[in-house]
Undergrad: 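Okay, handing you the structure first.
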Amino acid sequence: MALSLDKIKSALEDGLLSFPITDMDEQGAFKADSYAERLSWFVSHGVSSVFVAGGTGEFFSLSNAEYQELVEVAADTIQGATPVIAGAGRSITDAVACAKMAEKAGIDALLLFPPYLTECPADGVVQYATAIMEQTSLPVIYYNRGNGVLQAEHVARLAEACPNLIGLKDGTSNMQDLNMIIRTVGDRLSYIGGAPTAEIISEAYLSVGVNTYSSAVFNFVPELANHFYKSLRAGDNAMVEKILQVFFIPFVQLRNKKNGYAVSLIKAGAQIVGRSAGKVRAPLVMPTAQEMAELEKLIERGLALVA
């Protein structure tokens with residue numbers, strides 16, 4: 001492990017996190033050189049931790065070969081400047097294979113996605129996550145979302161069974177359940193906000209003691225993402241409200257127009273600001289020309305608020 005556990009946990013608990021989009025060429029193949037440039041750009045804007053091959057990075061569509069190349073590029077590019085966490089998931093076998101590739105590449109920790117597709121009981125999800133964590137030496141953050149949502153009792157059970165479980169990323173937006181988990185498990189874990197466009201509920205996260213969240217819009221407006229986060233932590237409610245009204249609320253309304261736009265709009269935004277990573281892979285689709293124009297106006301309005 002390149003970084004100490006204390007440094008990883010410190011970065012997860014204070015600072016703005018983000019998931020870089022994954023660069024694709026015109027044929028849809030992974031583009032390593034521009035991906036490395038994107039990661040360096042992330043670090044230059046002070047990101048606290050970089051989550052590669054995440055949901056925004058289209059983990060669900062990457063081949064094993066692409067995943068291996070991606071984690072190698074990430075580790076080689078960032079070289080300990082900030083923690084690098086790689087996504088892992090699908091079947092137990094797939095997740096363990098991802099973990100082994102990440103370990104070999106020098107990745108600092110894993111973000112464990114819920115099981116693929118099938119509905120499953122909570123005790124089965126605990127077995128799934130435990131089986132994966134027992135086969136990796138890396139610290140693991142569990143992504144509590146989709147068909148793998150765990151309540152406080154089962155998160156506590158997982159934390160007891162797996163010493164290398166270090167955090168929980170919330171993808172539910174359910175503050176009652178998240179607060180129950182935090183009050184039950186306590187500081188045994190680090191907690192991260194991970195709902196789509198997490199800024200929209202960042203005040204609620206902060207109210208239950210979750211100081212950090214992953215910002216997808218960091219991919220195209222890092223200045224605005226940082227300005228919002230700093231305003232939130234400083235208690236500048238007037239600026240938080242202004243940015244929400246001018247940028248994030250209309251962005252969420254645009255995002256809600258079509259399934260998958262939580263990823264597609266991020267790639268569109270990167271294209272608009274001159275940092276294109278190509279198009280999303282099917283089954284996702286890119287926004288229409290009209291939606292691209294709406295997003296461009298939102299970016300202009302949002303950046304005008306940055307001091």
Side-chain angles (χ1 to χ4, degrees), residues 11-21 42 45-49 51 54-56 144-145 168-183 190-258 261-270 272-273 275 287 290-307:
L12 292 174
E13 293 175 0
D14 187 17
L16 190 59
L17 322 173
S18 191
F19 289 68
I21 50 180
F42 262 53
H45 280 88
V47 69
S48 179
S49 299
F51 286 73
T56 305
N144 206 33
R145 66 171 294 173
L168 180 133
K169 185 171 188 278
D170 171 68
T172 69
S173 304
N174 187 322
M175 291 301 122
Q176 174 178 293
D177 288 353
L178 178 58
N179 197 31
M180 288 284 288
I181 292 170
I182 294 170
R183 300 295 174 251
S190 300
Y191 302 95
I192 304 164
T197 319
E199 285 90 349
I200 203 71
I201 58 168
S202 57
E203 294 162 298
Y205 277 136
L206 197 60
S207 72
V208 297
V210 178
N211 297 324
T212 59
Y213 56 84
S214 56
S215 173
V217 302
F218 194 96
N219 277 279
F220 59 92
V221 283
E223 306 91 339
L224 180 62
N226 277 326
H227 187 46
F228 180 84
Y229 180 72
K230 290 174 182 176
S231 299
L232 176 75
R233 295 300 304 276
D236 187 348
N237 296 329
M239 181 54 68
V240 167
E241 177 67 17
K242 184 178 290 186
I243 299 174
L244 285 172
Q245 292 292 340
V246 170
F247 182 81
F248 283 110
I249 289 175
F251 180 81
V252 169
Q253 291 169 337
L254 185 58
R255 185 201 75 196
N256 289 343
K257 286 188 175 183
K258 188 171 289 187
Y261 270 16
V263 177
S264 303
L265 284 178
I266 306 306
K267 277 204 160 177
I272 288 168
V273 301
R275 293 189 174 273
Q290 180 179 343
E291 290 163 344
M292 290 283 286
E294 289 181 48
L295 180 57
E296 185 169 7
K297 289 178 182 177
L298 279 180
I299 291 171
E300 292 174 1
R301 293 169 188 160
L303 290 178
L305 298 176
V306 178

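The shown structure was predicted, so the numbers you read here are calculated from the model rather than taken from an experiment.
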Undergrad: What heavy-atom pair brings Pro20 and Phe42 nearest, and what distance separates the two atoms?
TA: CA-CZ, 3.6 Å
Undergrad: Can you list every pair that meets ring-ring contact (aromatic ring centres under 6.0 Å, His included) and has a residue in residues 233-258, with sequence neighbours left out?
TA: Phe228-Phe248, Phe247-Phe251
Undergrad: Check the pair Asp177 / Thr172 against side chain to side chain contact (heavy atoms under 4.5 Å, CB included), numbers first and verdict last.
TA: CA-CA 9 Å; Asp177 288 353; Thr172 69; 5.6 Å; no
Undergrad: Taking side chain to side chain donor-acceptor pair (under 3.5 Å) as the test, write out the residues that go with Gln245, two or more places apart.
TA: Glu241
Undergrad: Side chain to side chain contact (heavy atoms under 4.5 Å, CB included), that's the test. Do Phe218 and Leu16 meet it? Break it down for me.
TA: CA-CA 9 Å; Phe218 194 96; Leu16 190 59; 3.9 Å; yes
Undergrad: Examine distances only and state if a side-chain atom of Ser48 and a backbone atom of Ala11 form a donor-acceptor pair shorter than 3.5 Å.
TA: yes
Undergrad: On a heavy-atom basis, which atom in Ser231 and which in Met239 lie closest, and how many Å separate them?
TA: OG-CG, 3.3 Å
Undergrad: Can you run down the side-chain hydrogen bond (donor to acceptor under 3.5 Å, both in side chains) pairs that involve residues 294-306, sequence neighbours left out, and say none if there aren't any?
TA: Lys257-Glu294
Undergrad: Check the surroundings of atom CE in Met180: do more than 12 heavy atoms from other residues, nucleotides or ligands lie under 6.0 Å from it?
TA: no
Undergrad: Does Arg255 reach the main-chain N or O of Pro196 with its side chain, forming a donor-acceptor pair under 3.5 Å?
TA: yes
Undergrad: Let me confirm one number: the CD1-CD1 distance from Ile243 to Ile249, rounded to the nearest 0.5 Å.
TA: 12.0 Å
Undergrad: Show, in sequence, the C-alpha distance, side-chain angles and deciding distance for Ser215 and Leu17, and conclude whether the side chain to side chain contact (heavy atoms under 4.5 Å, CB included) test is met.
TA: CA-CA 6 Å; Ser215 173; Leu17 322 173; over 6 Å; no
Undergrad: Dump the intermediate steps for side chain to side chain contact (heavy atoms under 4.5 Å, CB included) on Phe51 and Ile192, then the final yes or no.
TA: CA-CA 12 Å; Phe51 286 73; Ile192 304 164; 4.2 Å; yes
Undergrad: Donor-acceptor pairs are to be reported for all side-chain atoms of residues 204-213 against protein atoms at under 3.5 Å, with residues two or more places apart or in another chain.
TA:
from   : atom 1 : to     : atom 2 : distance (Å)
Tyr205 : OH     : Asp170 : O      : 3.4
Tyr205 : OH     : Asp170 : OD2    : 2.7
Tyr205 : OH     : Gly194 : N      : 3.3
Tyr205 : OH     : Ala195 : N      : 3.3
Ser207 : OG     : Ala204 : O      : 2.6
Thr212 : OG1    : Leu12  : O      : 2.5

Undergrad: Name all residues meeting the ring-ring contact (aromatic ring centres under 6.0 Å, His included) criterion together with Tyr191; count only those two or more places apart in sequence or in a different chain, and write none if there are none.
TA: none
Undergrad: Where do Val217 and Ile266 come nearest, in terms of heavy atoms and distance?
TA: N-CD1, 4.2 Å
Undergrad: Output the distance between atom OG (Ser190) and atom NZ (Lys169), rounded to the nearest 0.5 Å.
TA: 14.0 Å
Undergrad: Any side-chain heavy atom of Leu244 within less than 4.5 Å of one from Glu203?
TA: yes
Undergrad: If you compare all heavy atoms of Ser264 against all heavy atoms of Pro287, which two are closest, and at what distance to 0.1 Å?
TA: O-CD, 4.0 Å
Undergrad: If you round to the nearest 0.5 Å, how far is CG of Leu178 from CG of Asn144?
TA: 8.5 Å
Undergrad: Any idea which heavy atoms bring Met175 and Ile201 closest together, and the distance?
TA: CE-CD1, 3.8 Å
Undergrad: Rounded to the nearest 0.5 Å, what separation is found between the CG atom of Leu298 and the CG atom of Leu224?
TA: 10.5 Å
Undergrad: Have Glu199 and Tyr229 got a donor and an acceptor in their side chains that come within less than 3.5 Å?
TA: no
Undergrad: Any heavy-atom pair between the side chains of Val47 and Asn226 that's under 4.5 Å?
TA: no
Undergrad: Donor-acceptor pair, distance only, cut-off 3.5 Å: does the side chain of Asn219 make one with the backbone of Ala216?
TA: yes
Undergrad: Check salt bridge (charged side-chain N to carboxylate O under 4.0 Å, His left out) between Arg233 and all other residues, then give those that pass, not counting sequence neighbours.
TA: Asp14
Undergrad: Taking all non-hydrogen atoms of both residues, which atom of Val246 and which atom of Gly302 are closest, and how far apart?
TA: CG1-N, 4.3 Å
